[in-house]
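Structure first, then comments.
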Amino acid sequence: MPTEEPSLPIALTMGEPAGIGPELIVMAASTRHEAAPFFVYGDPGLLSARARRIGLNLAIVETDEAGALAAFARGLPVIPLVNPVPDRPGKPDVAGAAAVIESIDRAVLSVHRGHARAVVTPPIMKEVLYRAGFQHPGHTEFLGELARRHWQDHGRAVMMIWSETVAVVPVTIHIPLAEVPSALTEDLIYDTGLITARDLRTRFGIAAPRLAVAGLNPHAGENGTLGNEDNAVVAPAVARLRAAGIDARGPLPADTMFHTRARQTYDAALCMYHDQALAPAKALAFDEAVNVTLGLPFVRTSPDHGTAFDLAGTGKANPSSFLASLLLADRMSR
């Protein structure tokens with residue numbers, strides 16, 4: 001695995017072409033953001049057209065990986081895709097799916113080959129990719145597959161939503177709520193906790209990470225009267241984490257985990273399902289939250305919002321979360 005040196009740029013993917021991803025990229029490039037230099041695997045014509053559409057006078061510099069760092073001083077370095085995409089904001093088309101997948105694949109490969117030190121991904125539209133035959137539940141799972149392909153890494157990719165206000169990790173992610181109780185296992189919770197604690201140490205520099213583990217049921221099951229999963233599954237996983245030397249507490253009632261005083265007692269909250277984690281994170285830090293994939297042999301961050309087709313091409317998209325993603329990728333990859 002190549003070393004991650006601060007002199008290397010960050011690789012950006014294009015995101016959903018019809019969404020706000022392309023304009024977030026050109027906004028970041030036009031401000032010469034304080035994070036590390038970056039380049040994008042994208043369609044030069046689309047990015048140029050989107051910049052003009054939102055009133056930005058930005059030089060698009062077509063380049064390759066070797067020239068990307070030097071090109072950043074002259075504008076937005078773009079490594080062209082094999083699959084071109086027209087600029088049609090707000091109008092997602094399955095024809096653009098190949099470009100989206102190619103962009104992600106090539107950005108990860110650039111880190112593996114030592115051309116970049118982290119990957120930042122604007123939002124994608126999974127439904128469009130599914131119609132093109134995409135087999136993964138989401139970005140996180142696809143990145144895990146790429147880690148196995150390029151690094152022969154057989155770890156598990158774990159989603160974290162991070163901000164200075166709160167960090168949350170959903171143990172189960174993109175599955176129906178009705179399937180969560182059967183999907184939760186002691187091993188899954190334990191493994192998620194191990195990965196989270198390890199990356200908090202190695203990527204975030206927290207010497208002794210503190211984990212707060214939410215219960216599945218209201219009141220964490222209230223000693224079995226509101227469901228037995230917390231006693232039978234969650235509590236044993238927490239005990240194993242503690243036996244492994246991790247400062248973990250739980251199962252805790254989720255409704256009292258996210259007020260100001262409670263958040264001061266932990267570094268990350270492990271939650272049992274998607275909305276138990278993401279609802280408080282977005283309520284507390286919608287514009288600053290960053291999606292971080294833990295458990296990978298490379299750094300990947302992404303803004304914690306969707307494609308916002310209604311805002312695409314208007315110049316009204318808020319770039320705060322995207323800029324926070326760049327800053328965090330820079331910080332983690334050092």
Side-chain angles (χ1 to χ4, degrees), residues 140 155-173 184-223 229-286 288-296 299-301 304 324-325 327-329 331-334:
T140 300
R156 187 168 64 87
V158 169
M159 175 193 290
M160 169 186 277
I161 305 300
W162 178 92
S163 72
E164 294 286 358
T165 303
V166 68
V168 298
V169 175
V171 175
T172 64
I173 309 177
L184 277 178
T185 66
E186 180 185 324
D187 285 345
L188 179 63
I189 298 168
Y190 174 70
D191 186 48
T192 303
L194 285 181
I195 292 169
T196 302
R198 183 195 67 195
D199 278 25
L200 286 174
R201 285 193 300 268
T202 61
R203 299 291 195 188
F204 289 83
I206 300 173
R210 302 165 300 166
L211 304 182
V213 183
L216 171 66
N217 297 294
H219 304 174
E222 207 162 283
N223 201 27
E229 294 89 352
D230 295 297
N231 285 345
V233 179
V234 183
V238 174
R240 285 175 63 188
L241 288 169
R242 294 184 65 83
I246 295 170
D247 183 355
R249 295 181 297 116
L252 303 172
D255 62 349
T256 58
M257 284 177 55
F258 297 102
H259 61 82
T260 303
R261 291 194 309 278
R263 295 197 309 273
Q264 294 170 353
T265 65
Y266 60 82
D267 299 298
L270 263 63
C271 301
M272 297 301 107
Y273 54 92
H274 183 278
D275 285 11
Q276 189 184 56
L278 272 69
K282 292 188 177 186
L284 291 166
F286 186 82
E288 297 81 30
V290 176
N291 186 336
V292 184
T293 306
L294 308 178
L296 296 175
V299 169
R300 178 264 180 162
T301 66
D304 182 32
S325 301
L327 276 174
L328 187 59
R331 167 184 162 185
M332 291 176 66
S333 61
R334 288 178 183 272

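Heavy-atom minimum distance, Pro236 versus Asn231: CD-O, 3.3 Å. Taking both residues in full, the closest heavy atoms of Asp275 and Pro280 are given as O-CD, 3.8 Å, listed atom of the first, atom of the second, then distance. Looking at every heavy atom in both residues, Ala289 comes nearest to Ile161 through CB-CG2, 3.9 Å. For the pair Gly215 and Gln276, the tightest heavy-atom approach, listed with the atom from each and the gap, is O-NE2, 2.9 Å. Closest heavy-atom contact between Thr196 and Thr192: OG1-O, 2.8 Å. Val169 and Ala277 get closest at one heavy-atom pair: C-CB, 4.3 Å.
Residues passing the side-chain contact (heavy atoms from CB on, under 4.5 Å) test with Ala157 are Thr140, Thr293, Leu296, sequence neighbours excluded. Under the side-chain contact (heavy atoms from CB on, under 4.5 Å) criterion, Ala269 pairs with Val168, Met257, Phe258, Tyr266, Cys271, sequence neighbours left out. Remark: Pro253 engages Ala220, Asp255, Thr256 in a side-chain contact (heavy atoms from CB on, under 4.5 Å) (not counting sequence neighbours). Here Thr301 pairs with nothing under the side-chain hydrogen bond (donor to acceptor under 3.5 Å, both in side chains) rule; sequence neighbours left out. Among residues two or more places apart in sequence or in another chain, the side-chain contact (heavy atoms from CB on, under 4.5 Å) test is passed with Ala232 by Asn228. Qualifying side-chain hydrogen bond (donor to acceptor under 3.5 Å, both in side chains) partners for Asp230, counting only residues two or more places apart in sequence or in other chains: Asn217. Residues forming a ring pair (Phe, Tyr, Trp, His ring centres under 6.0 Å) with His219 (at least two apart in sequence, or on another chain): none.
When atom types are taken as modelled, the side chain of Glu229 and the backbone of Gly221 share no donor-acceptor pair closer than 3.5 angstrom.
In this structure the side chain of Leu278 reaches within 4.5 angstrom of the side chain of Pro170, judged on heavy atoms. Counting heavy atoms from C-beta outward, Arg156 and Leu188 have side chains that approach closer than 4.5 Å. Under the 4.5 Å side-chain criterion, counting only non-hydrogen atoms from C-beta, Met272 is not in contact with Val233. Looking at heavy atoms from C-beta onward, Pro209 lies in side-chain contact with Arg201 at the 4.5 angstrom threshold. Side chains of Arg198 and Leu294 form no contact here, defined as non-hydrogen atoms less than 4.5 Å apart.
Atom CD1 of Ile189 and atom CG of Leu270 lie 8.5 Å apart (nearest 0.5 Å). Once rounded to the nearest 0.5 Å, the distance linking CH2 of Trp162 with CE of Met332 reads 9.5 Å. To the nearest 0.5 Å, atoms CG (Leu200) and CE (Met160) are separated by 4.5 Å. Taking CG from Asp199 and CG from Leu194, the interatomic distance works out to 11.0 Å, rounded to the nearest 0.5 Å. How far OG of Ser325 is from CG of Asp304: 8.5 Å, rounded to the nearest 0.5 Å.
The salt bridge (Lys or Arg N to Asp or Glu O under 4.0 Å) pairs that include a residue from residues 240-249 are Glu186-Arg240, Asp187-Arg240, where partners are two or more places apart or lie in different chains. Sorted by first and then second residue, the salt bridge (Lys or Arg N to Asp or Glu O under 4.0 Å) pairs with a member in residues 259-274 read Arg210-Asp267; sequence neighbours excluded.
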Side chain to side chain contact (heavy atoms under 4.5 Å, CB included) between Leu216 and Tyr273, intermediate numbers included: CA-CA 8 Å; Leu216 171 66; Tyr273 54 92; 4.0 Å; yes

